[in-house]
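The structure appears below as C-alpha cells.
As the structure is a prediction and not an experimental result, all values here were calculated from the model. Numbering of residues begins at 1 and proceeds along the displayed sequence. What you see below is based on every heavy atom in this structure, not just the backbone, and it leaves out hydrogens, waters and symmetry mates.
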Amino acid sequence: MNSRQPKDSNFAVYDGKRFSAYGSGRVGGGDAFRNYSENTNFASSGFLKYSSASTGHHEGFSSYASDANVASSNFTSYAGSATGGNGDFSTYMPRVNVPDLKFASYSVNGNNHPMSFKGYVDDTNSGNQQFLNYAKNGNGVPVGFTSYGDTSNVIGSTFSHYGELANGANDTFTAYTSNANNPKNEFKAYGGSGGNGGSDSFLSYRDGANSGVDTFLSYGRKSNSGKTSFVNYGNSFNPGSDSFREYGKGSIGQSTGFKIYALNSTFKEYSKTGVTFGQYTKPGSNKGSKKVGGSFANKWSEPVKFFREKMLKKGTIMMMPDIVDKMPIRSFLPRAITSKLPFATSKLFDVKKVFKAHDNFVLDRVLTNTLQECEHAPSPGETKQCVGSIEDMIDFAVSVLGHDIVVRTTENVRGSKKEVMIGEVKGVNGGKLTKSVSCHQSLYPYLLYYCHAVPKVRVYVAEILDVISKVKINNGVAICHIDTSSWSPSHGAFMVLGPGPGQIEVCHWIFQNDMTWTTTD
C-alpha cells in the first residue's frame with residue numbers, strides 16, 4: 001500500500017500489508033492500527049518512510065500483532081523529517097513467539113515528534129528488536145519505553161547510533177525487560193558522537209530479571225551536556241552481566257548517576273568526571289538484592305510448570321500449566337529428503353539458500369538459533385539428537401532404549417491453565433528409576449524435534465480430573481528428573497521450588513505434541 005491519503009485511517013483487525021510512504025507529507029490527522037494482525041501466524045508488515053515529512057500527524061499502534069507467531073515489522077525511515085505529532089505503540093506484539101522489529105533511520109531529522117512504547121513485546125519468546133540510527137539529527141525527539149519486554153524470554157534489543165547528533169533528546173526506559181529471562185540489550189554509540197543536551201533515564205531497568213547481558217559501547221561518547229540516570233538498574237535476584245566501555249568518553253559536561261546498581265558490571269575507559277555511584281551493590285553484598293519467591297518469582301519460570309514428585313498422588317489439587325502447543329503446524333519430511341538437506345551451522349549459507357532466508361531477517365535467526373541449539377554440547381550423562389523424520393526419531397530412541405519401547409504423551413489439552421485434581425497414578429515400569437528419551441519441538445521450516453536421553457528419571461501416567469465434578473478430563477504424562485546435580489542454579493525450576501541443583505527432584509508434564517519414550521512395561 002503506497003499512499004499519501006489526506007484522510008485519517010483506522011485499521012482494525014487488519015493483516016499483513018505494506019504501508020510504504022503511507023501518510024508522507026500529511027498535515028495533522030492520525031492513523032490507528034488496532035488489533036492489527038491479531039492471532040495470526042507469520043504476521044509481516046512493512047512501514048517504509050511511513051509518515052515521513054509529516055506535520056502534526058499522530059500514529060497509533062494498539063494491540064498490534066497480539067498472540068501472533070513469528071511477527072515481523074519493518075519501520076525504515078519512519079517519521080523522517082517529521083515535525084510535531086506523535087507515535088504511540090501500546091501493547092505492541094504482546095505474547096508473540098519470535099517478534100522481529102526493525103526501526104532503521106527512525107525519526108531521522110525529526111523535530112519534536114515524540115514516541116511512546118508501552119507494553120511493547122511483553123510476554124514474548126526469543127524476540128529481536130533493532131533501533132538503528134534512531135532519532136539521528138533529531139531535535140527534541142523524546143522517546144519513552146514503559147514495560148518494554150516485560151516477562152519475556154530471551155529478548156534481544158540493539159540500539160545502534162541511537163540519537164546520534166541529536167539535540168535535546170529525552171529518552172526514558174521504565175521497567176525495561178523487567179522480570180525477563182536472560183534479556184540481551186546492546187547500546188552502541190547511543191546518544192553519542194555529537195549529541196547535545198540529551199537526557200536518558202533508566203528506571204527499574206531489567207529489574208527482577210533472570211541473568212541477562214547489557215552492553216553499553218561508546219554510550220554518550222563526545223556528547224555535550226548529556227544527563228543519564230540509572231535507578232534500580234539490574235536489581236535482580238540472579239545477577240546478569242553489564243559492560244560499559246568508553247562510556248561518556250570525550251564528552252563535555254556529561255552527568256551520569258548510578259543508584260542501587262547491581263553487581264557483575266565492568267566500566268572500561270569511561271569518563272572520569274561527572275559519574276556518580278550511589279548504593280552500588282558490590283559483589284558479595286546482599287544490599288539491594290531480591291529474594292526468590294512471592295511476587296519476585298519470575299513469571300517466565302511459570303511456577304506451575306515444575307512441581308515435586310510428592311504431588312503425583314490421588315486427590316492432590318494443583319494448577320496445570322499452559323500445555324497447549326504454540327508452534328506452527330508443520331510435518332515431518334521423509335528421511336530420504338532430510339538426509340540430503342544441509343543441517344549444520346558450518347553449512348548455514350547452504351541452509352539459508354534452501355529456505356530462501358535473507359540475512360538479518362526473522363527466518364535467518366530462526367535457522368541459526370535452532371542449528372546452534374542442536375549443536376550445543378549435551379549435559380553430563382545426556383545423549384541428544386535433532387530429528388526431522390519419524391524414522392530418525394525411532395532410530396534414536398531404539399539406540400538408547402533398545403527395540404522394546406513405547407511412546408507416550410499427554411492425551412489432550414483439557415485442564416490447561418486450570419486447577420485440576422489428580423486421579424489414579426501409575427508409575428511406568430512400576431515406578432522404578434529408569435531412562436527415557438524425551439522429544440520436544442524446535443522452531444524450523446519443517447517439523448523438527450530435539451530429542452535427548454534422560455538418565456535417572458521416573459515416568460508417570462496420571463488421570464486428570466475436574467475439581468468440581470471429579471470427572472476424568474485428561475490422561476497426563478509426567479516425568480520426574482531425580483538427578484538434577486548437573487542443572488544450572490538459575491534453572492527456572494529452582495527459582496520456584498528451591499533449593500538448588502542435586503538437592504531436589506523436579507517434575508513436569510509432557511506438553512501437547514511433545515513425547516517421551518520408555519521401555520515397555
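Here the shortest heavy-atom pairing between Leu363 and Phe355 reads CD2-O, 3.5 Å. Annotation for Leu312 and Ala478: closest pair CD1-CB, 4.1 Å, computed over non-hydrogen atoms. Contact between Ser416 and Pro321 at its shortest, heavy atoms only, is OG-O, 3.4 Å.
From Met320, atom CE reaches atom CZ of Arg414 across 11.5 Å, with rounding to the nearest 0.5 Å. Atom CZ of Phe494 and atom CZ of Phe306 lie 9.5 Å apart (nearest 0.5 Å).
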List the steps, then state whether disulfide bond (SG atoms under 2.5 Å apart) holds for Cys507 with Cys480.
CA-CA 4 Å; Cys507 303; Cys480 293; 2.0 Å; yes
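With sequence neighbours excluded, no residue forms a side-chain hydrogen bond (donor to acceptor under 3.5 Å, both in side chains) with Thr383. With sequence neighbours left out, the side-chain hydrogen bond (donor to acceptor under 3.5 Å, both in side chains) criterion links Asp404 to Thr520. Legend: residues meeting side-chain contact (heavy atoms from CB on, under 4.5 Å) with Ser486, ordered by chain and number and at least two apart, are Ser379, Pro380. With sequence neighbours left out, His452 forms a side-chain hydrogen bond (donor to acceptor under 3.5 Å, both in side chains) with Glu382, His440.
Under a 4.0 Å N-O distance rule, the pair Arg408/Asp521 qualifies as a salt bridge.
Per the SG-SG cut-off, Cys386 and Cys451 are not bridged by a disulfide [distance not under 2.5 Å].
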Enumerate donor-acceptor pairs with a distance under 3.5 Å from any side-chain N or O in residues 420-436 to protein atoms, sequence neighbours excluded.
residue: Glu424; atom: OE2; partner: Lys314; partner atom: NZ; Å: 2.8
residue: Asn429; atom: ND2; partner: Thr519; partner atom: OG1; Å: 3.2

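Judged purely by atom type and a 3.5 angstrom limit, Asp392 has no side-chain atom pairing as donor or acceptor with the backbone of Gly388.
The six-membered or imidazole ring of Phe343 lies near that of Tyr444, with a centre-to-centre distance under 6.0 Å.
Applying the salt bridge (charged side-chain N to carboxylate O under 4.0 Å, His left out) test to residues at least two apart or on different chains, the pairs with a partner in residues 493-518 are Arg308-Glu505.
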